[in-house]
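For reference, the structure is listed below as structure tokens.
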Amino acid sequence: MKNRALQLIWGKAVIGLILLLLLVSCATVPLTGRKQLNLIPEGEMLSMSYTQYDQVKKESRLSTNQAEITMIKNVGTRISQAAESFLREKGVSMKFDWEFILIDDDQVANAWCMPGGKVAFYTGILPITKTETGIAVVMGHEVAHALAKHGNERMSQGLLVQLGGLTLAKALESKPEATQSLYMQAFGLGAQVGFLLPYSRKHESEADHIGLILMAKAGYNPQEAVSFWERMSQSGGQAPPEFLSTHPANQTRINDLKKLLPEAMKYYKK
Ligand SMILES: [Zn+2]
């Protein structure tokens, strides 16, 4: 009985905290204008990102295939320039220290971009991207997740659920493992740690939308995104690659992309 009363009080305190945080921590996603919850200060996000990226570089076998590395870096440079110009046009300021690595792992079909523009591709995704434009589809999509601060939003939701009433400063300080595990989940680093958290439909369509515009601005034909996702859905088979299990390539997604093409084509033709 006592426990139940305590639970109720605790529950109310948590809801109160959530409402307060919602009031003070709303940010807006550029382009879509959606309000989002970002509890983690930008500096904190960047420092976690840089630490984690260094860790990944230390623990992974990096590709030595110069042709493929050059292709990833070229696409990365063009998409990053498009991203910065996109943000300037939207009047958004964001800090970047771009870096692009290719991890030699044919078993992992994945790619991600952490805050500050720290990007990794795994060689396992190259048979599906096929061409430089295919890489631009994935690069644009992943960089778009970073521009829209989806990682911060995912971590913020995770903090509320898993750490409950702890204040953020306390959580970051006293629960480094839980905080780190949330970070890994938020950025889809599941391949290394053994769990995968699919992105929400909302985040996916935002990243698809912004990603199409980024690739078009960078001079890549956005129509190629449709073919990429078709190849992605065919490559599923028995055991889906990481990127597919976190980014299901269903018909709805492909139809939505087709609807966004006329807007993206305007940027491509400029
Ligand atoms: Zn995504």
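As the structure lists them, so they are numbered: ligands from 1, and atoms in each ligand from 1. These numbers come from a predicted model, not from an experiment. By convention here, the first residue in the shown sequence is residue 1.
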Check your understanding: Is the count of non-hydrogen atoms from other residues, nucleotides or ligands lying under 6.0 Å from Lys130 atom NZ greater than 12?
Key -> no
Exercise for review: Check side-chain contact (heavy atoms from CB on, under 4.5 Å) between Ala82 and all other residues, then give those that pass, not counting sequence neighbours.
Suggested key: Lys217, Ala218
Exercise for review: Output all residues satisfying side-chain contact (heavy atoms from CB on, under 4.5 Å) with Lys90, sequence neighbours left out; order by chain, then residue number.
Suggested key: Pro30, Leu31, Phe86, Val92
Study note, to complete from the structure: Atom name of the N, O or S atom of Glu204 nearest to the Zn ion (ligand 1) is OE2
Review point. N/O/S atom of Glu142 under 2.8 Å from the Zn ion (ligand 1), yes or no?
Key: no
Review point. Below 2.8 Å, any N, O or S contact between His141 and the Zn ion (ligand 1)?
Key: yes
Check your understanding: Any N/O/S atom of His203 sitting less than 2.8 Å from the Zn ion (ligand 1), backbone or side chain?
Key -> no
Check your understanding: When Ile40 is tested against each of Lys149, Met48, Glu153 for side-chain contact (heavy atoms from CB on, under 4.5 Å), which residue passes?
Key -> Met48
